[in-house]
Every structure is written in structure tokens, then in C-alpha cells.
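Structure, as C-alpha cells:
Counting from 1, the numbers follow the sequence of the chain as shown. From a predicted model like this one, the values you see are computed outputs, not experimental measurements. As the structure lists them, so they are numbered: ligands from 1, and atoms in each ligand from 1.
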Amino acid sequence: MRLLVVEDESRLASALQRGLQAEGFAVDVAATGPAGLDAARHGGYDAMVLDVMLPGLSGYELVRRLRAEEHWLPVLMLSAKDGEYDQADGLDCGADDYLTKPFSYVVLLARLRALLRRGAPQRPAVLAVGDLTLDPARRRVTRADAEVALTVREFALLDYLMRRPGQVVSKTELLDHVWDASVETAPNAVEVYVGYLRRKIGRERLETVRGAGYRLAT
Ligand code: CA
């Protein structure tokens with residue numbers, strides 16, 4: 001099994017490399033975002049351990065680009081929780097698993113082995129509801145064939161709703177699934193983002209069901 005470690009902190013990178021080599025993996029290290037992207041595109045790896053904060057290109061952007069090019073290398077993301085990013089963002093952008101620094105090496109190894117057992121993820125299917133389409137892999141949304149630009153959070157919200165067309169989804173359910181529970185979220189966050197989304201996909205498509213929640217019209 002061949003692994004790619006993309007990490008700019010050289011001590012952590014070499015500790016990971018030594019530890020993983022001792023487990024029998026072949027391990028290459030890249031120290032910048034662009035070098036990591038290049039290696040991931042061409043290297044024939046079985047999985048990648050990817051730091052978020054990297055010079056040149058963030059880990060999020062790296063994995064987003066990789067998925068947009070239809071590379072399905074399993075990705076385990078590493079990040080210090082710095083408030084700016086959270087786990088939901090990591091998984092939204094196409095990573096397969098996420099570990100917060102500082103992490104235990106034993107846990108890293110277990111997660112990595114689980115990822116390798118699962119193998120490369122299947123390309124997710126494109127969702128379609130009426131004239132809306134959402135491509136989770138390319139992170140692309142279209143309305144009547146015209147592209148709609150969404151933020152990460154708007155995309156995650158629409159993704160959740162498009163997997164449940166015609167169903168009433170409560171505000172609590174949306175908060176639980178679209179927002180990271182560990183981050184303080186404004187009580188009106190759902191209303192605010194539903195409002196943003198309505199402006200972009202058409203007001204009539206996202207109905208308010210009084211006292212119950214929201215429903216994506218089919
Ligand atoms: Ca870093």
C-alpha cells in the first residue's frame with residue numbers, strides 16, 4: 001500500500017512517514033499544497049493523509065480540485081481546529097474522514113486502515129429535482145441548465161434537501177446535519193440560509209411548512 005502524506009510541518013511529516021513505514025506502508029511526503037496536488041494526480045496512491053493549512057493551496061482546495069477532476073483517492077484530513085474551518089467543511093469538500101490535531105497515532109492508523117478497506121469512493125450520483133441538479137462530486141448546481149453559484153453552507157443545505165425531495169425537514173434536523181454541532185450557531189441560521197438559497201434557486205421551490213420546517217417542492 002502506498003500512501004501520500006501532505007504536511008508542511010516537517011517534524012510531524014517525518015514522524016508520520018517513519019511510523020507508517022514501520023507499519024509496512026510505502027510513504028511519500030509533499031510539503032506544499034501544489035506539490036501534494038501534483039503527486040496525488042499522478043502518483044498511484046492508495047490513500048492520502050492531508051493537512052488543511054498548507055502553503056500554496058489549502059487542503060480543502062486541494063481535495064476539491066482532485067474530486068472535480070474525478071480522482072477518487074481516499075483522503076484523511078488533518079487539522080488543528082482554528083475556528084475558521086470545521087469538520088463539516090472538511091467533509092463537504094470531498095474528504096472521506098477527518099481528524100483534529102493533536103491526534104493519537106493509533107487512532108490515525110485505525111482510521112487510515114478503515115479508509116483503505118473501503119477503497120476509493122464511488123463517484124456520487126448527480127441529484128435532480130425538477131429543473132434543479134446538484135453534482136456532489138463537482139460541487140456544481142444548475143437551475144434550468146444555468147449554473148448557480150452557492151457558498152459551501154448553501155451547497156450543504158441544498159444537498160441535504162435534495163436528498164429528501166417533497167419531505168418536510170425540521171429546523172432542528174437541518175441544524176444537526178448541515179451545521180457542525182461543536183460550533184456555536186446563531187439560532188436563526190437556518191432561516192438566514194434558507195433565505196439565501198431561495199434567492200438563488202427560486203423562492204417557490206423551498207416551501208415553509210408552518211410550525212414544521214421546510215420542504216423542497218418536487
Ligand atoms: Ca500545516
Under-3.0 Å neighbours of the Ca ion (ligand 1), protein N/O/S atoms only: 3
Pairwise distance OG1(T208) to CZ(R215) - rounded to 0.5 angstrom: 10.0 Å
Side chain to side chain contact (heavy atoms under 4.5 Å, CB included) partner of L150, chosen from D159, L158, L157, L134: L158
Over-ring placement of R163 relative to Y160, 6.0 Å and 45° cut-offs: no
V148 and E154, any side-chain heavy atoms less than 4.5 Å apart: no
Side chain to side chain donor-acceptor pair (under 3.5 Å): pairs with one or both residues in residues 26-43, sequence neighbours excluded: R2-D28, D28-Y45, R41-E69
Reported CG-to-CE distance for the pair L132 and M162, which is rounded to 0.5 angstrom: 5.0 Å
